[in-house]
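Right, one structure below, let's go through it.
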Amino acid sequence: MRTRPLPGLLLAAVFTAAFAVSAAEMNPDRRAAILAPATDFTAPEQWEDLSGGTATNRSRFDQDAYSQPSASLSFAGRSDFAVGNGIFRRLWVSSPSSTASADGLGPLYNARACQRCHLKDGRGHPPGPDDTSAVSMFLRLSVPPATEAERLLLASGRASVIPEPTYGGQLQDLSAPGVPAEGRMVVRYRARPVRFDDGTVVELRAPEYGVADLAWGPLHADAMLSPRVTPPMIGLGLLEAVDPKDILALADPDDRDGDGISGRPNRAWSKAENRLMLGRFGWKAGNPTIADQAAGAMAGDIGISSPLAPDPWGDCTGRQAACRDAPHGAGPGEVEASADMMRMVNFYSRHLAVPARRDAGDPEVLAGKRLFYGAGCIACHTPKLATRRDWPDRALAGQLIWPYTDMLLHDMGEGLADNRPEGQANGREWRTAPLWGIGLTATVNDHTFFLHDGRARNLEEAILWHGGEAAPSQARYRAMSAEDRARLIRFLESL
């Protein structure tokens, strides 16, 4: 039986395959021309709708839009993706339990499953006024180095922060029976008005964070707190496959070109590779690989041990004896999430497809694209990148992708500062968040909370919080007419 082909996808395969074959050898000027930002806004660019190259999800734009496998996966790859999905959704249970394969939750944790934070593989949100738990958002904790050994540890890159001595690297608000939860995050908002040049006033909400009901005594006097909502999972494998040289080529730490943008790379120690590497993942680019990111989340968010994070008590510190002594789900020399399980979780995480663009050729979308580019937003939100031709995962190799990120750190101003360094990122710097798929946030997650702590209730508020290096772009947005502002938002909603 002959099946009908998908012309757009097949043509894209030809294009991206040609790009993959020739990317390493092609004339540098030709490659630069392919990756250069658009200057013509009368029509979409070729292949612009395929945000993730041939891996793009072109079939689902509903609540499952972020949960689709890379379209370039083989049949065997789709089987591994399904197994990884099952582990990603697994509800872990406290020890001891008759369910050995899901035994070992906690003793301290923020969620019982990866999917509980990354709901529908999407974006987390801050707790509402009636929420008793902040699932999908938590507080990172750390303290400044106090000893020469701690300073040397940070300088070596072997650690990116010094954990708070009692409560560890993050505040866990849930716990197994017999172990008290650490405490709970408290969020208060105050109004912050912003005026557009046309006189329109928008009230932003400025958050203030604290902790309550601490079970193990007070926090360290110099404790630093940083709120984090869970980011979407889409496109991670493609970002991992971008050559570090391409990312570093976008850095300009001393602003030598004088454009006011001085992106810097973060570097982090990879337990998976046992070396210092370019940071790519997390709000401050604090993790270099998906394997490192997943192992850290398993340990910190769920309290599950794995080969890269083998402590069975997760984030419990030496000052939390009841937590360290609680039952766990691994025998001597074992871990709760085996190497095979983590391999499947990592495979799943690498192959969550980016949705295709919608309405890329709509005149209002094209007008918004011109305004977005003209406002200077692409100085950080780099539209196009290419994945490595020699990347071992052939489903992701040699792709032209449209993530709208440079994966670098940028000073975002005092308004967004968390005043908590992480690796080489200071307290005012954040990694440029990818924008691909952002227009489907409401469809997938039934909310439109953005930025690292969800303070922005819509895309416009997210823009208005941009300061520091992004302040000129924010000012250009405020100077636009209401019609042009709507066009720019319409463009973002098409991504």
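Side-chain atoms of Arg140 and Gln170 form a donor-acceptor pair, as typed in the model, at a separation below 3.5 Å. Side-chain atoms of Arg89 and Asn85 form a donor-acceptor pair, as typed in the model, at a separation below 3.5 Å. Of the N and O atoms on the side chains of Thr166 and Arg319, at least one donor lies less than 3.5 Å from an acceptor on the other residue. Side-chain polar atoms of Ser305 and Glu336 form a donor-acceptor pair below 3.5 angstrom.
Classification of the His381-His466 ring pair by plane angle, with boundaries at 30° and 60°, yields tilted.
Look at Arg228 and Asp418 and you find a salt bridge, because one of the NZ, NE, NH1 or NH2 atoms lies within 4.0 Å of a carboxylate O, short of that distance. For Arg264 and Glu429, the salt-bridge test passes: some basic side-chain N is under 4.0 Å from an acidic carboxylate O.
The main-chain N or O of Val186 is never found under 3.5 Å from a side-chain atom of Arg188 such that the two would form a donor-acceptor pair.
Here Tyr348 pairs with Phe81, Phe88 under the ring-ring contact (aromatic ring centres under 6.0 Å, His included) rule; sequence neighbours left out.
A cation-pi arrangement is found for Arg455 relative to Trp465, the charged atom lying closer than 6.0 Å to the ring centre and inside a 45° cone about the ring normal. A cation-pi arrangement is not found for Arg112 relative to Trp92, the charged atom failing to lie both closer than 6.0 Å to the ring centre and inside a 45° cone about the ring normal.
Heavy-atom minimum distance, Leu171 versus Arg184: CD2-C, 3.8 Å.
Taking the centre of each ring, Trp430 and His410 stay at or above the 6.0 Å mark.
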